[in-house]
Amino acid sequence: MSVHEAITSHTQKMHAHLEVFQVLDLKREQAIDQAVAQYIAGEAFSVDEINRCAAAINEHAKHGISPTRTYITTEMLVEYAQRSNR
């Protein structure tokens with residue numbers, strides 16, 4: 001394999017890795033938005049889906065160059081919702 005082919009292959013793998021990260025991160029952001037909307041509406045909400053997405057992102061990050069995401073608590077979500085709802 002030539003150096004050019006090796007670099008191209010490596011770049012394609014990194015790009016594919018980051019594309020998967022973007023999909024997972026979007027799902028996490030959507031879960032956050034949904035939980036915040038439920039909290040603001042006075043409905044029951046959970047951070048479970050957010051943390052499932054974070055777990056998937058963090059596992060994915062072990063195999064490439066993408067960042068990790070923090071697990072959140074109910075209190076963290078409430079604090080965020082109160083700040084962003086002002």
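- At least one side-chain heavy atom of Ile65 sits under 4.5 Å from a side-chain heavy atom of Leu18.
- Val78 and Met76 fall within a single hydrophobic cluster, where Ile, Leu, Val, Met, Phe, Trp and Tyr are joined by side-chain heavy atoms under 4.5 Å apart, directly or via other members.
- Contact annotation: the side chain of Cys53 approaches that of Glu49 to within less than 4.5 Å [non-hydrogen atoms, C-beta and beyond].
- If you take CD1 on Ile50 and NZ on Lys27, they are separated by 15.0 Å, rounding to the nearest 0.5 Å.
- One distance of note links CD of Glu59 with CG of Leu24; it measures 11.0 Å at 0.5 Å rounding.
- A heavy-atom distance below 4.5 Å is found between the side chains of Arg69 and Phe21.
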Donor-acceptor pairs under 3.5 angstrom involving side-chain atoms of residues 30-40: please list them, not counting sequence neighbours.
| unit_1 | atom_1 | unit_2 | atom_2 | d |
| --- | --- | --- | --- | --- |
| Tyr39 | OH | Gln82 | NE2 | 2.9 |

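- Rounding to the nearest 0.5 Å gives a distance of 7.0 Å between CD of Glu19 and CD of Gln22.
- Between the side chain of Thr8 and the backbone N or O of His4 there is at least one donor-acceptor pair closer than 3.5 Å.
- Residues Thr74 and Phe45 have side chains in contact (heavy-atom distance under 4.5 Å, counting atoms from C-beta outward).
- In this structure, CG in Leu77 is found 5.0 Å from CD1 in Ile72, a value given to the nearest 0.5 Å.
- The side-chain heavy atoms of Asp48 and Arg52, taken from C-beta on, include a pair separated by under 4.5 Å.
- Annotation: the span from Met14 atom CE to Thr11 atom OG1 amounts to 5.0 Å, rounded to 0.5 Å.
- From His63, atom NE2 reaches atom NZ of Lys13 across 14.5 Å, with rounding to the nearest 0.5 Å.
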